[in-house]
*Asks:* 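Have a look at this one.
Computed from a predicted model, the values in this text were never measured in an experiment. For ligands, and for the atoms within them, numbers begin at 1 and follow the listed sequence.
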Amino acid sequence: MKILIPFFSATGNTAKITKVIQESFNRLGAKADDLDITSYSSRQSALDLKSYDAVVFGAPIFSNRAPRIVREWLMTLDGNGKKCSTFFTYGGFTVHPTHYSTKEILQKQNFVLVSSAEFLGKHTFNLGGWKAIPDRPDKSDFDVARQFVTETYKRFTGEDKNILGELEKTTHTEEELDSFESFRFKAVTQLPTREGKDCSMCMICEELCPTEAMKAEAGEAQAGKCIACLRCVYNCPDEALKINDFSHIWPMKLKMENETEETIRNKKSKIYL
Ligand SMILES: Cc1cc2nc3c(=O)[nH]c(=O)nc-3n(C[C@H](O)[C@H](O)[C@H](O)COP(=O)(O)O)c2cc1C
Ligand code: SF4
Ligand code: SF4
């Protein structure tokens, strides 16, 4: 069985889980290929899925859903009745309705979703001073990833004939969810900007930016295009790109979400069947 694993990963968490998932499928006898769709150029040509029997999509959770650019990319695919699965990494806060909203898109694109999973990962906004689970994903998450593959493979091969059951929905409208997405620029992060003169002009920030928002020469992300994924900040070899310090928001964030550093640290990765 040939399986494709397209994944989006701005700061590496989803990539780590992808690797474990790929290895686990191969150990079960499948031929699993990964496909990194994080860079802008990787999402520009149509993806032909004809040679694959099943697909596993991986992405981080950005404001209660898969990142907008991933959702838009999924809408370009033709599932042609193929079985698929999804998995997400998140920073310990809101998960839903990510699984449900992605399922809705995949069903419209004529995929049959058989399973889903969520995995803990260091929060991207730790780069701006948050303190959310800096050491995940870890072994406990990788063990859940292996279990997820075992259950998903049974469904891909037909040994288990069930498909994914009910998922948690939301009372929020799509417009409200969209406004949560833009709220992050008002409440949390500003646009990444180069500070000082320690830039070697390696162009990495521009090449890696998933939305073409970052222009290395200007040293500033373009408003409207930037999705605050912080891939440029995370990967700048000279640590020349900065975002504002939002560590003062951390206690408020915990209070608003009714969490403590301990409750989010104790969360476990989870499989949906
Ligand atoms: C713009 C943005 C929005 C995010 N929204 C959420 C969220 O709603 N809930 C959550 O728990 N984590 C959220 N996170 C944290 C990421 O989901 C988490 O760090 C993820 O593992 C990053 O994956 P990556 O390293 O593969 O890019 C958000 C991160 C970013 C950059
Ligand atoms: S990645 Fe950093 S060092 Fe390289 S061009 Fe961008 S700002 Fe400069
Ligand atoms: S400019 Fe914005 S969208 Fe591009 S890599 Fe940086 S944070 Fe992500």
Side-chain angles (χ1 to χ4, degrees), residues 7-19 36-40 58-70 87-98 101 118-128 130 132-137 141 170 172 177 180-185 187-244 246 253-254 256-257 259 263-264 267 269:
F7 70 98
F8 179 99
S9 185
T11 59
N13 294 341
T14 314
K16 282 185 192 159
I17 296 288
T18 300
K19 192 163 177 283
D36 188 340
I37 59 153
T38 317
S39 68
Y40 180 82
I61 293 177
F62 280 9
S63 309
N64 313 12
R65 289 181 292 182
R68 176 178 49 78
I69 52 177
V70 172
F87 67 94
F88 304 94
T89 65
Y90 75 114
F93 292 107
T94 326
V95 165
H96 299 290
T98 308
S101 111
E118 71 210 18
F119 301 96
L120 277 300
K122 64 181 182 313
H123 202 297
T124 318
F125 291 167
N126 290 357
L127 289 166
W130 285 10
I133 43 172
D135 47 1
R136 304 282 285 274
D141 306 301
T170 177
H172 296 295
L177 291 169
F180 296 159
E181 240 169 47
S182 50
F183 185 67
R184 71 176 78 111
F185 286 111
V188 189
T189 180
Q190 291 165 8
L191 296 167
T193 312
R194 186 165 51 232
E195 273 184 2
K197 295 193 171 82
D198 308 333
C199 162
S200 51
M201 267 299 147
C202 67
M203 306 303 281
I204 284 176
C205 54
E206 190 168 317
E207 282 158 24
L208 293 185
C209 176
T211 63
E212 290 197 313
M214 177 53 75
K215 297 291 168 220
E217 291 265 342
E220 191 178 50
Q222 292 172 45
K225 279 189 172 182
C226 177
I227 57 166
C229 71
L230 306 192
R231 195 181 196 203
C232 53
V233 176
Y234 186 70
N235 284 290
C236 171
D238 296 345
E239 296 183 14
L241 288 171
K242 300 277 179 247
I243 41 163
N244 52 311
F246 38 82
K253 172 72 179 172
L254 287 171
M256 207 173 75
E257 303 276 355
E259 302 277 8
T263 57
I264 53 171
K267 288 194 182 182
S269 293

*Asks:* Given side chain to side chain contact (heavy atoms under 4.5 Å, CB included), test Ile264 with Phe93 step by step and report yes or no.
*Replies:* CA-CA 7 Å; Ile264 53 171; Phe93 292 107; 4.1 Å; yes
*Asks:* Check this for me - ligand 1, Phe62, N or O atoms closer than 3.5 angstrom, yes or no?
*Replies:*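 No, there is no polar N/O contact under 3.5 Å.
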*Asks:* Of the listed options (Gly91, Ala15, Ala59, Ala66), which comes nearest to atom 18 (C) of ligand 1 when hydrogens are ignored and any heavy atom counts?
*Replies:*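 When every heavy atom of Gly91, Ala15, Ala59, Ala66 is considered, Gly91 comes closest to atom 18 (C) of ligand 1.
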*Asks:* Tell me the nearest of Cys199, Cys232, Ser200, Cys209 to atom 8 (Fe) of ligand 2, using heavy-atom distances.
*Replies:*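 When every heavy atom of Cys199, Cys232, Ser200, Cys209 is considered, Cys199 comes closest to atom 8 (Fe) of ligand 2.
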*Asks:* Using a strict cut-off of 4.0 Å, indicate which atoms of ligand 2 neighbour a heavy atom of Met203.
*Replies:*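 In order of numbering, the contacting atoms are 4 (Fe), 5 (S).
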*Asks:* Judging by distance only, is a nitrogen or oxygen of Gly12 under 3.5 angstrom from one on ligand 1?
*Replies:*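 So ligand 1 has an N or O lying under 3.5 Å from an N or O of Gly12.
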*Asks:* What do you reckon, does Leu230 put a non-hydrogen atom under 4.0 Å from ligand 1?
*Replies:*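 Under 4.0 Å: no for Leu230.
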*Asks:* Return the option from Val233, Ile243, Leu230, Leu208 holding the heavy atom at the smallest distance from atom 7 (S) of ligand 3.
*Replies:*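 Going through Val233, Ile243, Leu230, Leu208 one by one, Leu230 has the nearest heavy atom to atom 7 (S) of ligand 3.
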*Asks:* How does Thr211 reach ligand 3, by side chain, by backbone, by both or by neither, if only non-hydrogen atoms under 4.0 Å count?
*Replies:*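 Near ligand 3, Thr211 shows its side chain, while the N, CA, C and O stay back.
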*Asks:* Given Cys205, Ala216, Pro192, which has its nearest heavy atom closest to atom 6 (Fe) of ligand 2?
*Replies:*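 It is Cys205 that holds the nearest heavy atom.
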*Asks:* Distance alone, cut at 3.5 Å: any donor-acceptor contact between the side chains of Thr38 and Ser9?
*Replies:*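 The criterion, which ignores hydrogens and geometry beyond distance, is not satisfied for Ser9 and Thr38.
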*Asks:* Taking both backbone and side-chain atoms of Ile61, is any N or O found less than 3.5 Å from an N or O belonging to ligand 1?
*Replies:*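 Yes, there is a polar N/O contact under 3.5 Å.
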*Asks:* Mind checking whether atom 4 (Fe) of ligand 2 has an N, O or S of Cys202 under 2.8 Å?
*Replies:*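 Yes, Cys202 qualifies, because one of its backbone or side-chain N, O or S atoms lies under 2.8 Å.
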*Asks:* For ligand 2, does Met201 get within less than 4.0 Å through its side chain, its backbone, both, or neither, judged by non-hydrogen atoms?
*Replies:*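 Backbone only.
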*Asks:* Do the side chain of Thr98 and the main chain of Asn64 share a donor and acceptor less than 3.5 angstrom apart?
*Replies:*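 Side chain of Thr98 to backbone of Asn64, a donor-acceptor pair under 3.5 Å: yes, one is there.
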*Asks:* List every atom of ligand 1 that sits less than 4.0 Å from any heavy atom of Gly92, numbering the atoms from 1 in the order shown and giving each element.
*Replies:*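 Going through ligand 1 atom by atom, the ones under 4.0 Å from Gly92 are 11 (O).
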*Asks:* At what distance, to the nearest 0.5 angstrom, does CZ of Phe119 lie from CG of Asn13?
*Replies:*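 Result: 12.0 Å between the selected atoms.
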*Asks:* Ignoring angles and geometry beyond distance, decide whether Ala228 reaches within less than 3.5 Å of ligand 1 through its nitrogen or oxygen atoms.
*Replies:*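 N/O-N/O distance below 3.5 Å does not exist for this pair.
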*Asks:* Please verify whether a non-hydrogen atom of Phe125 lies at under 4.0 Å from ligand 1.
*Replies:*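 Per 4.0 Å heavy-atom rule, Phe125 contacts ligand 1.
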*Asks:* Looking only at protein heavy atoms, which one is nearest to atom 1 (S) of ligand 3, and how far off is it?
*Replies:*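 Looking at atom 1 (S) of ligand 3, the protein heavy atom closest to it is Ala221 CB, 3.4 Å.
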*Asks:* Where on Glu206 is there a heavy atom closer than 4.0 Å to ligand 2, on the side chain, on the backbone, on both, or on neither?
*Replies:*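 Neither; no heavy atom under 4.0 Å.
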